[in-house]
Participant: 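Below is the structure I would like to discuss, written out as structure tokens.
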Amino acid sequence: MLDDVERWLRARSWSVTDRTIPQLMAAKRAGGQTVSVVLPALDEEATVGEIVRVIRRELMCRIPLVDELVVVDSGSTDRTSAVAGAAGARVVHRDAILPRIPAVPGKGEVLWRSLMVTRGDIVCFVDADLREFSADFVSGIVGPLLTDPDVHLVKAMYDRPLGAEPGQGGRVTELMARPLLNMHWPLLAGFVQPLGGEYAARRSLLERLPFPVGYGVELGMLVDALHLVGLDALAQVDVGVRRHRHQDGPALGRMSAAIYRTAQLRLARGHLLRPELTQFERGAHGFEPRTHSVDTEERPPMAQIAEYASRRVA
């Protein structure tokens, strides 16, 4: 590990207990900053309601740490929108945001569009499939942004059990993302959960970043933020344990392909790759190929979108 990374780990890795809620509220009042929380959601009726309720109860009603809570539904076929709305979130459908630009499937697409329908100076993203959710996931990662003006992006770090096995979650992280980062962007080797879906950033940074539309968004954002603001502007906070729904092997393969493609684009802009991944399933006549497209589109920095610029002027 590079000496700069060891120094960064000591200076920019914290625990949620390092900042108390009264300290965060004092810093929020002093700085006049506002906080938006965004949950990207696709068919998450089983979990999204409890996440919304915890955030509203702990961080909006008991203390006004969070100013805005938005669930962006990316095309659910279940009751995700109804459940989230009943729990107290403002629900916006992906296709209603920037209708001039046809939406494409993908998590990054939803995160990018969420900048248009939120106002907070700090934007906090939380995955909607978390179980046993704690408000620490939000307060922990917005804390450094409220208290330290030199910090621009904060990732959550946590244990990720896989069933009864501790520390066995995050398979794409260990098999794809961590090797890529260590080999090509060694300054980012200190991030415990580089692909984690819980992170917060200043709007002033997010609006300058391109957003891969799919699963490559977390890696792409981390790499691009490093180049824009430098390692010391990035941080991570330990928030405990993350429990969520796990994907099967083929889905993890598709995630890995998207992440690899995102990395390759950043290593060599303009280098053409075949945007497909073929996997195999046993069928009636032996192993049958299943070919899936890999996300090949990125959204430009939101600051370049006319509607966003007009909204800021207004």
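Just so we're clear, the structure is a prediction, and the values are computed from it rather than from any experiment.
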Participant: Applying side-chain contact (heavy atoms from CB on, under 4.5 Å), can you list everything that pairs with Ala156, at least two apart in sequence or on another chain?
Facilitator: Ile141, Tyr158, Glu198, Val239
Participant: Measure the shortest side-chain to side-chain distance between Leu175 and Ser256 over non-hydrogen atoms and say whether it is less than 4.5 angstrom.
Facilitator: no
Participant: Give me each pair satisfying ring pair (Phe, Tyr, Trp, His ring centres under 6.0 Å) with a member in residues 6-38, each pair once, sequence neighbours excluded.
Facilitator: Trp8-Phe191
Participant: Donor-acceptor pair, distance only, cut-off 3.5 Å: does the side chain of Gln23 make one with the backbone of Thr20?
Facilitator: yes
Participant: For Leu115 and Ile305, what are the C-alpha separation, side-chain angles and deciding distance, and is it a side-chain contact (heavy atoms from CB on, under 4.5 Å)?
Facilitator: CA-CA 11 Å; Leu115 298 181; Ile305 301 299; over 6 Å; no
Participant: Look at Glu307 together with Arg100 and state whether they make a salt bridge at an N to O cut-off of under 4.0 Å.
Facilitator: yes
Participant: With sequence neighbours excluded, tell me which residues meet salt bridge (Lys or Arg N to Asp or Glu O under 4.0 Å) with Arg299.
Facilitator: Glu109, Glu297
Participant: Heavy atoms only: give me the nearest Leu209-Ala225 pair and the separation to one decimal.
Facilitator: CD2-N, 4.0 Å
Participant: Residues in side chain to side chain donor-acceptor pair (under 3.5 Å) with Gln236, at least two apart?
Facilitator: Ser13
Participant: Consider only side-chain heavy atoms of I, L, V, M, F, W and Y, link residues closer than 4.5 Å, and tell whether Leu42 and Val126 are in one cluster.
Facilitator: no
Participant: Evaluate side-chain contact (heavy atoms from CB on, under 4.5 Å) for Met302 paired with Phe211, printing each intermediate quantity in order.
Facilitator: CA-CA 9 Å; Met302 186 58 79; Phe211 276 61; over 6 Å; no
Participant: If the condition is side chain to side chain donor-acceptor pair (under 3.5 Å), which residues does Ser81 pass it with, not counting sequence neighbours?
Facilitator: Asp73
Participant: Check Trp112 against Pro300 and note the closest heavy-atom contact, atom names and distance.
Facilitator: NE1-O, 2.7 Å
Participant: Would you find a donor on one side and an acceptor on the other, under 3.5 Å apart, between the side chain of Arg12 and the backbone of Asp232?
Facilitator: yes
Participant: Tell me who clusters with Met157, hydrophobic residues only, linked when side chains sit under 4.5 Å apart either directly or through other members.
Facilitator: Val192
Participant: By salt bridge (Lys or Arg N to Asp or Glu O under 4.0 Å), which residues pair with Asp238, not counting sequence neighbours?
Facilitator: none
Participant: Asp121 and Lys28: salt bridge (Lys or Arg N to Asp or Glu O under 4.0 Å), yes or no, with the steps?
Facilitator: CA-CA 11 Å; Asp121 303 303; Lys28 186 173 189 287; over 6 Å; no
Participant: Can a donor-acceptor pair be found, under 3.5 Å and without considering hydrogens, that links the side chain of Arg202 to the backbone of Leu145?
Facilitator: yes
Participant: Answer whether the closest heavy-atom distance between the side chains of Leu222 and Leu195 falls below 4.5 Å.
Facilitator: no
Participant: Is Lys107 paired with Asp127 through a side-chain N to carboxylate O contact shorter than 4.0 Å?
Facilitator: yes
Participant: Would you list the pairs meeting side-chain hydrogen bond (donor to acceptor under 3.5 Å, both in side chains) in which at least one residue belongs to residues 181-190, sequence neighbours left out?
Facilitator: none
Participant: Can you find a pair of side-chain heavy atoms, one from Leu69 and one from Leu39, that are under 4.5 Å apart?
Facilitator: yes
Participant: Could you check Val229 against Leu234 for side-chain contact (heavy atoms from CB on, under 4.5 Å), going step by step and ending with a plain yes or no?
Facilitator: CA-CA 8 Å; Val229 296; Leu234 312 180; 4.0 Å; yes
Participant: Less than 4.5 Å apart, side chain to side chain, heavy atoms only: is that true for Val154 and Val142?
Facilitator: no
Participant: Treating Ile, Leu, Val, Met, Phe, Trp and Tyr as nodes and any side-chain heavy-atom pair under 4.5 angstrom as an edge, say whether Leu228 and Tyr308 lie in one connected cluster.
Facilitator: yes
Participant: Residues in salt bridge (Lys or Arg N to Asp or Glu O under 4.0 Å) with Asp95, at least two apart?
Facilitator: none
Participant: Sequence neighbours left out, what passes salt bridge (Lys or Arg N to Asp or Glu O under 4.0 Å) with Arg57? Give chain and number order.
Facilitator: none
Participant: Under 4.0 Å between a Lys/Arg side-chain N and an Asp/Glu carboxylate O for Lys155 and Glu218?
Facilitator: no
Participant: List the steps and the verdict of side-chain hydrogen bond (donor to acceptor under 3.5 Å, both in side chains) for Thr118 and Arg203.
Facilitator: CA-CA 10 Å; Thr118 55; Arg203 178 176 295 271; 2.8 Å; yes
Participant: Using a strict threshold of under 4.0 Å (side-chain N to carboxylate O), is an ion pair present between Arg19 and Asp148?
Facilitator: no
Participant: Among all residues two or more places apart in sequence or in another chain, which pass the side chain to side chain donor-acceptor pair (under 3.5 Å) test with Thr17?
Facilitator: Ser15
Participant: Can you list everything that forms a side chain to side chain donor-acceptor pair (under 3.5 Å) with Arg56? Sequence neighbours excluded, please.
Facilitator: none
Participant: Would you say Ser36's side chain and Glu68's backbone share a donor-acceptor pair under 3.5 angstrom?
Facilitator: no
Participant: Could you tell me which non-hydrogen atom of Leu24 sits nearest to which non-hydrogen atom of Ser139, and how far apart they are?
Facilitator: CD1-O, 3.6 Å
Participant: Hey, is the main chain of Arg113 close enough, under 3.5 Å, to the side chain of Arg94 for a donor-acceptor pair?
Facilitator: no
Participant: State whether the side chain of Arg266 and the backbone N or O of Leu219 hold a donor-acceptor pair below 3.5 Å, judged by distance alone.
Facilitator: no
Participant: Examine Leu226 and Leu2 and state if one hydrophobic cluster contains both, with Ile, Leu, Val, Met, Phe, Trp and Tyr joined whenever side-chain heavy atoms are less than 4.5 Å apart.
Facilitator: yes
